[in-house]
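Read the structure below first, then the notes.
Atoms within each ligand, like the ligands themselves, are counted from 1 in listed order.
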Amino acid sequence: MLGEVRPSGGRRSWWLREALAAEAAASPHLAAAAPPLRGSTTADVVIAAGGYTGLWTALRLTELEPGARVVVLEQDVCGGGPSGRNGGFVTNWWDEFPTLLDRYGVDGAIAVGDAMEAAVDDVGAFCTAHGVDAWFTNAGSLSASAAPAQDGGWLPAVEALRAHGLGDRLVPLTADEVRARVDSPVFREGAFMPGAATVQPAALARGLRRVLLERGVTIHEGTAAAEIDGQRPGWLGRLGASMRRAPRRRGSAGGPRPVRVRTNSPAGDGEVLAGSAVLALNAWAAAWPWFGPRLVTWSSYIVLTEPIPDRLAEIGWTGGEGVADARFTLHYLRTTPDGRIALGGGGGRAGFAGRIGPAFSDSVADARRAAAGLRRLFPLLRDVRIEDAWGGPIDISADHLPWFGSLPGRPIHHGHGYSGNGVGPAVVGGRILAARAVERADDPALALAIADGRPPRAFPPEPARYVGARLIREAAVRRETMEEREEDPGLVLREVSRLPRRLGYHLGPE
Ligand SMILES: Cc1cc2nc3c(=O)[nH]c(=O)nc-3n(C[C@H](O)[C@H](O)[C@H](O)COP(=O)(O)OP(=O)(O)OC[C@H]3O[C@@H](n4cnc5c(N)ncnc54)[C@H](O)[C@@H]3O)c2cc1C
């Protein structure tokens, strides 16, 4: 069956197809409710773009400033990017606690962890309050070792949490306890994070879109922000930016100069003039001159099985918990209400200079690698048909955490760098960005250490970044695959895969 795995390429993910079909059946008028921008318009806040970060920001703005004119620009449809393609794990950051301690100190780390935990509940509360059927399932998340080399990967987080009286946030499990939840023959000991959930990711994105439209937010889908404040994405944009200076005009009332966003869409070129802008571009931010040095784009692929509820019952996986192994090139898997398994990860690749090309959605090899992960974890399911596969880009930062900041001297605010863990954190990101956009200095979200705007360290320049990422990725995949076979990967593979850690990045295997 492996030979049949084909990623969907330009086609939408299964999640988004399912969500759009449900939306069309329930509210057919919604499809046309976010037409491309035609001509010029103005806004108090313009948001690029329509993934979770942009949509939660817009939602928060409707609470902070109910009368504000908010315009969202999305080049595709809302949820067309990773927000409608991800694994649907809504996790908190307790498993990142050592990194949080390192970066924010004890009080800062606990406050950030608490905020991320509350964000999981906020997703559920939003769905309940607005009748969004995004399959919110609050059943926790299981990390399981799938090879001796993966044993105890969670222990630094468990120990750090225990030392601060937070031991119940991430609970170690014996091999028997792990296999009582999900009976994979390769699973060994593990850890359970009770405060995590799963969702149908695209249904959540489309639900946010619906509520925003109901609240009077203007959304233009099929509309790309082509130039922001005089800057353009890509190499040419960078070159042009160095030759072009943004005009130093002031606003018409003598106030600060508005942000000008030039757009293009099937309706033609357009423009938004706004008091402030929020850039929620995720991996696409890497192509913009401001952010490129601090982001690496990385692909991730998901495969989805046919419905197999009886087979799930055979392996005891009926509790709805998310599951991940403990590789760096992680496999993450979850079930759906109709009894499918969606499994992602197992490798991925870097993009050159922030580009997001066909390798991010069309790679048969990467989709097959994800499928091979499924067969390894569940040999009993070898005959199960893979019904769909798709990929998407991830925005990797040097410390594996997002950062939320503002451009110096300009009312342009940005949030990205989720490093593949943004479903829950984007709720918090939206609060931070909304508060920045309307200058609510007293908003509790701005007191979080993660809102300090401090950027992560930069990656090496291209082409060293791309070549280095490829080498390290190959070494990590080969090392972890050999370790799964209980073979010794040898010193060279081990040391090359550890290079990012040795160089001080919070990335890659130990
Ligand atoms: C395969 C995969 C699996 C994942 N699994 C998980 C998971 O299980 N749990 C988890 O927490 N995270 C996961 N993630 C990461 C998660 O999806 C992201 O962190 C999250 O969706 C980020 O939301 P966002 O709004 O910042 O970005 P996005 O959803 O990427 O939204 C950015 C949007 O910007 C638009 N855009 C780009 N450039 C422009 C422009 N110039 N003008 C207008 N629009 C533009 C894009 O079309 C896109 O819709 C996964 C990611 C992938 C790819």
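Considering only residues two or more places apart in sequence or on other chains, R470 meets the salt bridge (charged side-chain N to carboxylate O under 4.0 Å, His left out) condition with none of them.
A side chain to side chain contact (heavy atoms under 4.5 Å, CB included) with V217 is found for exactly one of T62, L59, I47, L61, namely T62. Each of Y418, W15, Y332, Y52 was evaluated against N86; a single residue qualifies, Y52, per the side chain to side chain donor-acceptor pair (under 3.5 Å) test.
Checking side-chain atoms of R334 against main-chain N and O of V199 turns up a donor-acceptor pair under 3.5 Å. A donor-acceptor pair under 3.5 Å is formed between the side chain of R210 and the backbone N or O of H130. Remark: the backbone N or O of R349 is paired with a side-chain donor or acceptor of S299 at under 3.5 angstrom.
In L73, the part holding a heavy atom less than 4.0 Å from any atom of ligand 1 is the backbone. Neither the backbone nor the side chain of A48 has any atom closer than 4.0 Å to an atom of ligand 1 (non-hydrogen atoms only). Counting heavy atoms closer than 4.0 Å to ligand 1, residue H416 contributes nothing at all. For Y52, heavy-atom contacts with ligand 1 shorter than 4.0 Å involve the backbone as well as the side chain. Residue contacts with ligand 1, taken as heavy atom pairs separated by less than 4.0 Å, involve I394 solely via side-chain atoms from C-beta onward. Contacts of P393 with ligand 1, taken as heavy-atom pairs under 4.0 Å, involve the backbone alone. No part of W390 comes within 4.0 Å of ligand 1, judged by heavy-atom distances. At a 4.0 Å heavy-atom cut-off, ligand 1 touches Y418 through the side chain alone.
Closest to atom 1 (C) of ligand 1 among all protein heavy atoms lies S300 O, 3.4 Å. Looking only at protein heavy atoms, the nearest one to atom 42 (N) of ligand 1 is A225 N, 2.8 Å. At the shortest separation from atom 6 (C) of ligand 1 among protein heavy atoms lies N86 CB, 3.4 Å. Given atom 10 (C) of ligand 1, the protein heavy atom at minimum distance is V423 CG2, 3.2 Å.
At a 3.5 angstrom cut-off on N or O pairs, G87 counts as close to ligand 1. Remark: ligand 1 and D395 share no N or O pair separated by less than 3.5 Å (distance only, no angle test). An N or O contact shorter than 3.5 Å is missing between A280 and ligand 1 by distance. Residue contacts with ligand 1: S83 is placed with a nitrogen or oxygen under 3.5 Å of a nitrogen or oxygen of the ligand (distance criterion only). Ligand 1 has no nitrogen or oxygen under 3.5 angstrom from a nitrogen or oxygen of D76. Distances between N or O atoms of W288 and those of ligand 1 include no value under 3.5 Å.
A 4.5 Å side-chain heavy-atom check between E221 and C78 finds at least one atom pair inside the cut-off.
A salt bridge does not link E74 to R209: none of the charged nitrogens lies less than 4.0 Å from a carboxylate oxygen. Electrostatic pairing of R60 and D122 does not count as a salt bridge here, judged by no charged N lying under 4.0 Å from a carboxylate O.
Put simply, part of T223 is less than 4.0 Å from ligand 1, judged by heavy atoms. Residue contacts with ligand 1: G420 is included, with a non-hydrogen atom under 4.0 Å away.
Atom CZ of R38 has 12 or fewer neighbouring heavy atoms from other residues, nucleotides or ligands inside a 6.0 Å radius.
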